[in-house]
Amino acid sequence: MASTTRPDPGVAIIISCYTLDRLDLLVAGIDAVHRQLQGGDELIVVVDHNDELRRELHGRYADTVTLVANTGARGLSGARNTGVAAATAEIVVFLDDDAALRPGSLAAARSAFADGSVVAIGGAVVAKWETGRPPRWFPEEFGWVVGCDYRGLAADGAEIRNPIGAAMAVRRAELEKIGGFSDRLGRVGTVPAGCEETLMGIELRQRFPGSRIIRVTGFAVDHVVPAGRATLRYFTDRCRHEGRSKAVLSGMVGADAGLAAERSFVARTLTTGVLRYLRQSVTGEGLAAPARIAVLVLGLVVTAGATAGGTLHARATRPESRDATPALAAGEPAVTENELVTVVVPTVGRDSLADTVRSILAQDHTNIELLVVDNRPHRGDAARIVAGIDDPRLTVLDQPVPGVSAARNLGHRSAAGRLVAFTDDDALADPGWISAAVGSFRADPVGAIGVVTGRVLGTETTNRVQEWFEEAKVFDKGEMPTVWSLSKHEIGSELGEFGPRGPFFPYTAGECGSGNNMVFRTSALASVGGFDERLGTGTPTRGGEDLDAFRAAILHGWSIAYNPNAVVRHYHRDNMVELRAQSYGYGTGMAAGLTKFVLSENPAPILRRLPRGLHMLLSPNSTKNEDLPSDWPLRLRALEAWGYVTGPFLFVRSHLAGRRSGAAR
């Protein structure tokens, strides 16, 4: 979504309510909105299955408020969707029935949406404690428990994953295109569930690449926190329901997307929060600071435990089928012979980039756009290297965030094609590379193929070092077309057969291909949240981002097709210094990817496979190592094994480095 300036949009304010017990607060909130309305604005109050409350409000506001009954499922999500259906304005603002707008808030919201790239905003939600102040044991990091701002939120104007529901605004058309709010999530009556705003934020970003969700503190509400919520019992109940909601959310969008901000929140909370309260305990806070530490840890344990329990319950009760895979892309138009394909080439300015670009522009499948993503834009090398190549299909993008994953994600978000292909700046694509990959997607009869990989051969073998690499078949997966999937389904004969599974399948996914030759459906890549920017070349982990994406795609139900006719040729390292670094990076990348899975998902599948997996990785007679040349240096094996040891620590280092300024919860 391009950044454009738009005129002031019309605004529809939607307040959902469900109980007479909050009538006084609701009236105060309606009055606060009335003081800021402009001509053409709408004020819609949705009553959630309470006829007595609806009659009371009709008597008060029959002529000044659009009053509607929730026609959807009982709960906050259904009520909000009913309000959206009744609205006609471009922007919909959502407020809770116990929150009152501060002066100037609607003006701040209008101003934010003047930027066409902004698809949603989150406001400031200021706690107005009925008791006058929060309990002394209440940690500031857990303001979300009472639906208010909390320590660690993003600054004004910064991008956030999702807003807090008590004060948020969204473009109506975009919200309708993602289907509104899911009734599987959200508060129902007094049950303190949530996460419907989180799912909305994730789906908006996936559906509208390039759009932004930002925090606007000028758009603010005073949110009443009743005395009943200032208790430890409510605190733990809210944490438990939040954890259960996170489990449902992760089941819908995957743990990578569903829990990314939560991992950052936990890392910041455990480090900065505990340290801050420890300092307070020795500077005059008495018992309050230790109590906050105890409650902080309690909140983390209860939330994480409920998330884990909900995830395990969902897996235990989910019907499994080994006979068929859902037609994940069946709702999309069929891939055509002349399908537009976006090719993304991340680069750090290698001189070989020019040859890479020429090989892609020479494809026999001509309907392509080529995005070269400069990962060191301060040098300007990429633009200089391709300056002499005159082709309207070529564009250079700048990605100052280091790492191949960040570069690939920018390319994916900027792609115009429904298929996005990736290769590296030290590779040459055979002329039939793209057409072969497109052919694999076209041979898929059920829409299950989300990724196509291909053969990677050496461009030259001028010395023994390059011969070692080629003979070891590090990149080359052979001459047989193969499909990798959790379950068997109908496949075209051109796609070959389902492949054998190693002991770590699909958790390492190394048999599926490599990152210098892969083509994704954009919908498949979006469904797994893109490439993990904690992994890959240019980060402490040195690799693993491609296998991580393959694994995530398979676990999301997609299949991967390996087409040996989709050929890319790679400049193999020609000296031992670079080959040693590459071998070590394979070990760190694989171990980092497994560490990520163990920390974010159920570790049991990895632990069960560990003995056989270690044998495969380390034994010279395993299927992984049997093709190694007889004179393959022992030093290379040792470096790869050392990478398996250090990879988990490097992942933690990469996580902490990349999440210090992470998006808000």
Side-chain angles (χ1 to χ4, degrees), residues 177-178 202-203 205-210 252-254 256-257 324-344 363 365 367-371 405 408-423 433-454 481-487 489-492 494-496 506 509 512-532 545-563 566 568:
K177 287 177 182 176
I178 65 169
I202 292 171
E203 290 184 329
R205 287 180 177 277
Q206 291 179 348
R207 181 68 182 273
F208 306 103
M252 298 171 72
V253 301
D256 289 345
T325 293
L328 298 173
E332 300 179 13
V335 173
T336 65
E337 185 176 5
N338 194 38
E339 185 78 25
L340 172 62
V341 179
T342 300
V343 183
V344 176
Q363 292 293 298
H365 184 98
N367 190 20
I368 63 172
E369 67 165 352
L370 173 55
L371 305 179
S405 290
R408 286 175 177 157
N409 284 339
L410 176 60
H412 168 228
R413 292 194 300 267
S414 306
R418 289 190 300 137
L419 302 179
V420 56
F422 298 92
T423 191
W433 173 47
I434 295 298
S435 58
V438 169
S440 291
F441 285 109
R442 297 190 69 213
D444 172 21
V446 296
I449 302 297
V451 191
V452 173
T453 62
T482 311
V483 175
W484 307 97
S485 179
L486 279 181
S487 56
H489 54 85
E490 182 184 358
I491 58 175
E494 305 97 310
L495 296 176
C512 297
S514 58
N516 46 16
N517 186 352
M518 55 186 179
V519 185
F520 279 80
R521 289 184 189 268
T522 54
S523 56
L525 191 53
S527 74
V528 302
F531 296 96
D532 192 322
E545 81 297 335
D546 48 356
L547 306 188
D548 176 71
F550 295 160
R551 179 195 70 221
I554 291 173
L555 292 178
H556 275 70
W558 296 99
S559 298
I560 298 177
Y562 170 75
N563 186 339
V568 165

Tell me, with the steps shown, if S485 and I491 meet side-chain contact (heavy atoms from CB on, under 4.5 Å). CA-CA 11 Å; S485 179; I491 58 175; over 6 Å; no

Polar side-chain atom of E545 near backbone of S405 as donor-acceptor pair, under 3.5 Å: no

How long is the gap from CG on L419 to CD1 on I368, to the nearest 0.5 Å? 12.5 Å

Minimum side-chain heavy-atom gap D546-F422 below 4.5 Å: no

What are the two closest heavy atoms between N516 and V568, and how far apart are they? O-CG1, 3.7 Å

Donor-acceptor pair, S435 side chain versus H365 backbone, under 3.5 Å? no

Backbone N or O of Y562 within a donor-acceptor pair of the T482 side chain at under 3.5 Å? no

Just how far is it from atom CG of L495 to atom CD of E490, taken to the nearest 0.5 Å? 10.5 Å

Under 3.5 Å, is there a donor-acceptor pair between the S527 and W558 side chains? yes

Distance col, row L410:CG vs R413:CZ, nearest 0.5 angstrom, shows 5.5 Å

Full working for side-chain contact (heavy atoms from CB on, under 4.5 Å) between M518 and F550: CA-CA 10 Å; M518 55 186 179; F550 295 160; 3.8 Å; yes

Counting C-beta onward and ignoring hydrogens, is there a side-chain heavy-atom pair between L525 and R408 closer than 4.5 Å? no

From V451, V420, V335, residue fulfilling side-chain contact (heavy atoms from CB on, under 4.5 Å) relative to R521: V335

Testing the basics here: between S559 and V483, what is the closest heavy-atom pair and its distance to 0.1 Å? CB-CG1, 4.1 Å

Under a 3.5 Å distance rule, please check whether N563 uses its side chain to pair with a backbone N or O of A436 as donor and acceptor. yes

Provide the closest heavy-atom pair for E494 versus P481 in the form atom of the first, atom of the second, distance. O-CB, 3.9 Å

Please give me the minimum heavy-atom distance between A421 and I434, naming the atom from each residue. CB-CD1, 3.9 Å

CZ of F208 to NZ of K177, rounded to nearest 0.5 Å, is 5.0 Å

Can you see which heavy atom on L555 is nearest to which on L486, and at what distance? CA-CD1, 4.1 Å

A side-chain contact here means heavy atoms from C-beta on lying under 4.5 Å apart; do V343 and W433 qualify? yes

A side-chain contact here means heavy atoms from C-beta on lying under 4.5 Å apart; do N517 and T453 qualify? no

Closest approach of T522 and G417, non-hydrogen atoms and distance? CG2-O, 3.2 Å

Got V519 and S440 here, is their nearest side-chain heavy-atom distance under 4.5 Å? no

Side-chain touch T342/E369, heavy atoms, less than 4.5 angstrom: yes

At what distance, to the nearest 0.5 angstrom, does CZ of R205 lie from CD1 of I178? 12.0 Å

Would you compute the distance between atom CD of E337 and atom CZ of R442 and round it to the nearest 0.5 angstrom? 5.0 Å

